[in-house]
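By convention in this document, chain letters (A, B, ...) are assigned in the order of the sequence lines, proteins followed by strands, and residues within each chain are numbered from 1. As the structure is a prediction and not an experimental result, all values here were calculated from the model.
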Protein chains: 2
Amino acid sequence: MREPTIYDVAKKAGVSPSTVSRALHGKDRVSADTRSKVFQASEQLGFTASKEASRLRSGKTGRIALIVGNRMSGWYSSELAEGVYSALSNEGYDLLFYRVADRKQRADFFSSMPIKRNTDAVIISSFALTENEGQSLRDVGVPIVGVNTMHLNDRYSMASIGVDEISALKNLIHRLCVMGHTRIAFIQTTPINKDFVWDADQRIEGYRQGIRAAGITHRKDYEIPVPHSSEAGSIAVSAILALDPQPTAICCISDEIAISLVHELRRYGVRVPDDISVVGFDDREMAAPLGISTIRHRPDEYGKTAGLMAVRLARGETLDRSRIVAPASLILRDTIGPARHIN
Amino acid sequence: MREPTIYDVAKKAGVSPSTVSRALHGKDRVSADTRSKVFQASEQLGFTASKEASRLRSGKTGRIALIVGNRMSGWYSSELAEGVYSALSNEGYDLLFYRVADRKQRADFFSSMPIKRNTDAVIISSFALTENEGQSLRDVGVPIVGVNTMHLNDRYSMASIGVDEISALKNLIHRLCVMGHTRIAFIQTTPINKDFVWDADQRIEGYRQGIRAAGITHRKDYEIPVPHSSEAGSIAVSAILALDPQPTAICCISDEIAISLVHELRRYGVRVPDDISVVGFDDREMAAPLGISTIRHRPDEYGKTAGLMAVRLARGETLDRSRIVAPASLILRDTIGPARHIN
DNA sequence: CTGAAAGCGCTTACAG
DNA sequence: CTGAAAGCGCTTACAG
C-alpha cells in the first residue's frame, strides 16, 4: 500500500496541495477552518511528509553534522552526542554523525567531504583543523560550530563553546597549594593519535601555568606520560615511586587514569589521600561511587548548547553570544587531602 | 556560488545527465572511455550528488534508524551505536538515532512514528515492544532488526542478534560452584523505568536457573535490589553484611555495580576475593584496570552485525542467518577466588 | 552503450 | 486566504 502523499490529503480535505503544505507548516496565513480540515484529513490518512521531497524543494537538508575525532563510544564523545542529539531532535533536525578517528579517516573525510550539500550546519569537536581542512569546511558554505576547540578553530567557526581547561587546572593547582602541597605531579596519556591537536592538550598547559603562578619549581620529571591501556595505572605508580622527592599530589588528565591510579597506589600500600592526593578530570559516572576528586564538566550540557547554536545558525538566525565558556568545577571527594608534611 | 549539479557534469563531460548518473553509480554498462570522462568532469567540478534528489527519485532514504531505550551516552547504547555506525557508514547509510528513554518519549515515538517514510530499516535495541508498538512498527513497512531483545520481539523482527544472557549467568554460577561456592547472591538494579521490559532482566533469570541447575537452595534474600545511584555500592554492602549466612560470592548485574561494590567492601574491611568473590557483567573499559571479574560481551561488535543485517534487508537481500547469538565469555580477574570455607 | 523524457513529492513565488 | 504552475536534482524505464 502506497504511502499517502500531500495530494491525497488535499483531495480528502477538498483543498489544493499548496494549502495543505501551508496549513501543516503553520506559519502561513490559512483560515482556521481550512487548517482544521487539513489536519483532520492528514490524521485520518496517517500522512507523514517525505523529508526527501520537502528538503529537495526547500534546499534545506534538515541535518546537522557532528564531527568527532575519536570513537563515538568514549565517554566524552557519547555524552556530547547525547547533548547535541537532544537539542537537534527537539528542533526537528537529524543528527549526522561523523567520526574521524585516525589519519586515514581524517584525510578521507576532508577530501571527499561527505557533508557537502548534505547538512545545514557542522559541529566540530575537540581537535584543531589544519588550514586546508578549515578552508574546505568553510567551502561547504554552512555554519560551523566548534566544541572544545578553544581558540584553535576560531578562524573557521562562526560560534563555539568549550570548557576553559587551563583555568580549571590552574584553580586546582591553587587549591592544592592552599592545602599545603608543593610537590604536584601531572599524569598525561600519550596522545592516541599524534596527527591530532587535541583540546585536552590544554590541560597540561593549565598545570604548568598553575605551578608557575604558585611560585613552585616546575619539574619536568613530574610530568608523567602513560600509554592508553589498562596498564596505565600500574605504569604510573612505578613512575611515581621512582621519583625523588615524591610528589604529594597527583593531577590526572582523566578520571579513567585517576581511578586506576588510586587502585594501584592502594595495592602498593600507598595511602590515598594520606600519603598522596589524587585528582581526576571529567567527573564521569564512576568517579562519585569511587570517591575520586575531580574537575567536573558536562559535555552533554554544552553539547546541547552547541546543538542549539547550530540550529539557530542553520536557520539563518543570529546568536546573541557566539563564544561561550562552559563551566568546570572542582569536586572534592575522598582522594584529596592536606599534604602529609604539614599534617 | 551554486553547487554543481549533474547537469553541469554532463555538459562538461559532453554526455547526458543519464549517462553521468550511470557512470557515477558504476553498476550500469557504460564505456570505459565515457566513464573516465565523467569521473574527470565530476572531480574537477567537485560534484557531490544531492542525497535529497537521489533519494526522492529512487524511493530509498539511505537512512537506518536505531532505537534505544535509554540515554545514548550509557556504556551499552554508545558501544552499540558505535558498532552500528561503523557498519552503516561503510555501506553508505546514515544512522538515524532515536532515544525513547521514558514512557512519554516512548508514547510520542510510537504515535507519531517519525521514522515512517524516513528510513529503510529499523534496529531496535534492548526492550520489548508491546503488541501495538510492534504492529505500528511493522506498518512502517521496513525491515526490523532486534538487538538484545531475545525472543521478546521475534514476532515483529525479521532478524535479530543478542547475547544469551541466561546461559552466560548459568555458566558463571556453575563455575563458582566448582570453586566451592554454594552461597551465591545476585545484585540487581531496580529498573530505571518499569514500563520497559528489558533484555537485561534475563540476567536474574539466568542466575536462578544456574542456582537450580547446581542443586543449591535458592534464597530469595540473596537477590538484592539496589537503586540506580552512586550509593548503590554502599547500599549493597549494608544489605550483604545483614545476610545470614553470608554469601561467599556475589554476581552483579553490571560492572558498574561490581566496581563500586568491591570498593565499598574493601572500605568495610571485607577482603575481595578472600572473603567474598565478586563478578560483574559487561567487561566495560574500567573492569580490566580494576581487576574486576566479569562476563564479557561486545555491543560494538554485535552492533556491527546488526547494522549489516539491516543494510542487507534494506537492500532487499536475504540473510543466511537471521537469528544470531552473540558470544559472552567469563573473564576471570582478581575479584574471584575459591570459596573461603574450602581454603 | 547512450539520450530524451517523465516523474519522485513536496514548497514557493505569483496571481487573484 | 487559496490555487495553478513551476521546479528542486536526481534516476530509470524506454527507445534506439
Side-chain angles (χ1 to χ4, degrees), chain A residues 1-39 41-42 45-63 92 114 116-120 141 315-316, chain B residues 1-39 41-42 45-63 92 114 116-120 141 315-316:
Chain A
M1 201 197 70
R2 191 178 58 84
E3 283 295 325
T5 71
I6 203 169
Y7 292 93
D8 301 316
V9 180
K11 192 188 289 178
K12 183 155 196 135
V15 298
S16 74
S18 336
T19 302
V20 173
S21 176
R22 281 189 288 253
L24 257 25
H25 284 290
K27 25 199 163 194
D28 258 306
R29 341 90 282 155
V30 178
S31 78
D33 185 42
T34 308
R35 188 182 301 273
S36 77
K37 269 193 302 186
V38 169
F39 268 83
S42 167
L45 292 171
F47 171 71
T48 317
S50 152
K51 288 192 181 175
E52 271 60 59
S54 51
R55 289 169 176 179
L56 173 56
R57 178 57 231 234
S58 67
K60 296 289 173 194
T61 69
R63 290 185 288 261
K116 198 173 137 190
R117 256 193 174 199
N118 284 307
T119 179
D120 298 338
R315 291 190 179 135
Chain B
M1 199 198 69
R2 192 177 59 81
E3 283 295 325
T5 71
I6 202 168
Y7 291 94
D8 301 316
V9 179
K11 192 188 289 177
K12 182 155 197 137
V15 297
S16 73
S18 336
T19 301
V20 174
S21 175
R22 279 189 290 253
L24 256 27
H25 284 291
K27 24 199 163 195
D28 257 307
R29 336 95 279 153
V30 178
S31 78
D33 185 42
T34 309
R35 186 181 303 272
S36 76
K37 269 192 302 186
V38 168
F39 268 81
S42 165
L45 294 171
F47 172 72
T48 316
S50 151
K51 287 193 183 178
E52 272 59 59
S54 52
R55 289 169 177 180
L56 173 57
R57 177 59 231 234
S58 67
K60 295 290 172 193
T61 70
R63 291 185 288 263
K116 199 172 136 190
R117 253 192 175 200
N118 284 308
T119 178
D120 298 338
R315 289 187 178 140

Could you pick out which residue, B:T48 or B:R22, lies toward the 5' side of DNA chain D when each is mapped onto its nearest nucleotide?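 Final value for this comparison: B:T48.
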Whether over 12 other heavy atoms sit under 6.0 Å from B:K116 NZ: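 Enclosed: over 12 neighbouring heavy atoms sit under 6.0 Å from NZ of B:K116.
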Residue closer to the 5' end of DNA chain C, B:R117 versus B:Y7 (nearest nucleotide):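 Checking each residue's closest nucleotide, the 5'-ward one belongs to B:Y7.
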Contacting residues from residues 8-19 of chain B, given that a heavy atom lies under 4.0 angstrom of DNA chain C: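 When residues 8-19 of chain B is checked for heavy atoms under 4.0 Å from DNA chain C, the hits, listed by number, are B:V15, B:S16, B:S18, B:T19.
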Provide the closest heavy-atom pair for A:G62 versus A:D120 in the form atom of the first, atom of the second, distance.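 Heavy atoms of A:G62 and A:D120 come nearest at N-OD2, 2.8 Å.
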Atom pair [atom1]/[atom2] of [X] and [Y] - distance to nearest 0.5 Å:
{"X": "A:T48", "Y": "A:L24", "atom1": "OG1", "atom2": "CG", "answer": "10.0 Å"}
{"X": "B:H25", "Y": "B:S54", "atom1": "NE2", "atom2": "OG", "answer": "6.5 Å"}
{"X": "B:K12", "Y": "B:K37", "atom1": "NZ", "atom2": "NZ", "answer": "14.0 Å"}
{"X": "A:E52", "Y": "B:R57", "atom1": "CD", "atom2": "CZ", "answer": "14.0 Å"}

Bounds of contact between DNA chain C and chain A, in 5' to 3' order, using a heavy-atom cut-off under 4.0 Å: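 Going 5' to 3' along DNA chain C, contacts run C:dG9 to C:dA13.
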We want to know whether B:N118 and B:T61 form a side-chain donor-acceptor pair, criterion being a heavy-atom distance below 3.5 angstrom.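 The answer is no; no qualifying pair exists.
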Side chains of B:R55 and A:K51, heavy atoms from C-beta outward: is any pair under 4.5 Å?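 They are not in side-chain contact.
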Hey, are the side chains of B:V20 and B:S42 touching, using non-hydrogen atoms and a 4.5 Å cut-off?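 Result no, sub-4.5 Å side-chain heavy-atom pair not found.
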Please measure how far the P atom in D:dC1 lies from the corresponding atom in D:dA5, and state the result in whole Å.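 Going atom to atom, P in each nucleotide, I get 23 Å.
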Counting N and O atoms only, with roles assigned by atom type, does the side chain of A:R63 sit under 3.5 Å from a partner on the main chain of A:T119, one being a donor and the other an acceptor?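 Such a contact is absent between A:R63 side chain and A:T119 backbone.
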Quick one: do A:T5 and B:R117 satisfy side chain to side chain contact (heavy atoms under 4.5 Å, CB included)? Show the steps, please. CA-CA 11 Å; A:T5 71; B:R117 253 192 175 200; 3.8 Å; yes
Scan B:R35 against the nucleic acid and name what it touches under 4.0 Å (heavy atoms): base, sugar-phosphate only, or nothing.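 Touches nothing.
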Name the nucleic acid region contacted by B:R55, choosing base, sugar-phosphate or nothing; use a 4.0 angstrom heavy-atom cut-off, strictly under.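 Since no nucleic acid heavy atom lies under 4.0 Å of B:R55, the category is nothing.
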Want to know the stems of DNA chain C: at least 3 consecutive Watson-Crick or G-U pairs with distances under 3.5 Å, which are they?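 Ordered by first number, the stems with DNA chain C (at least 3 consecutive pairs each) read C:1-3 with D:14-16, C:5-12 with D:5-12, C:14-16 with D:1-3.
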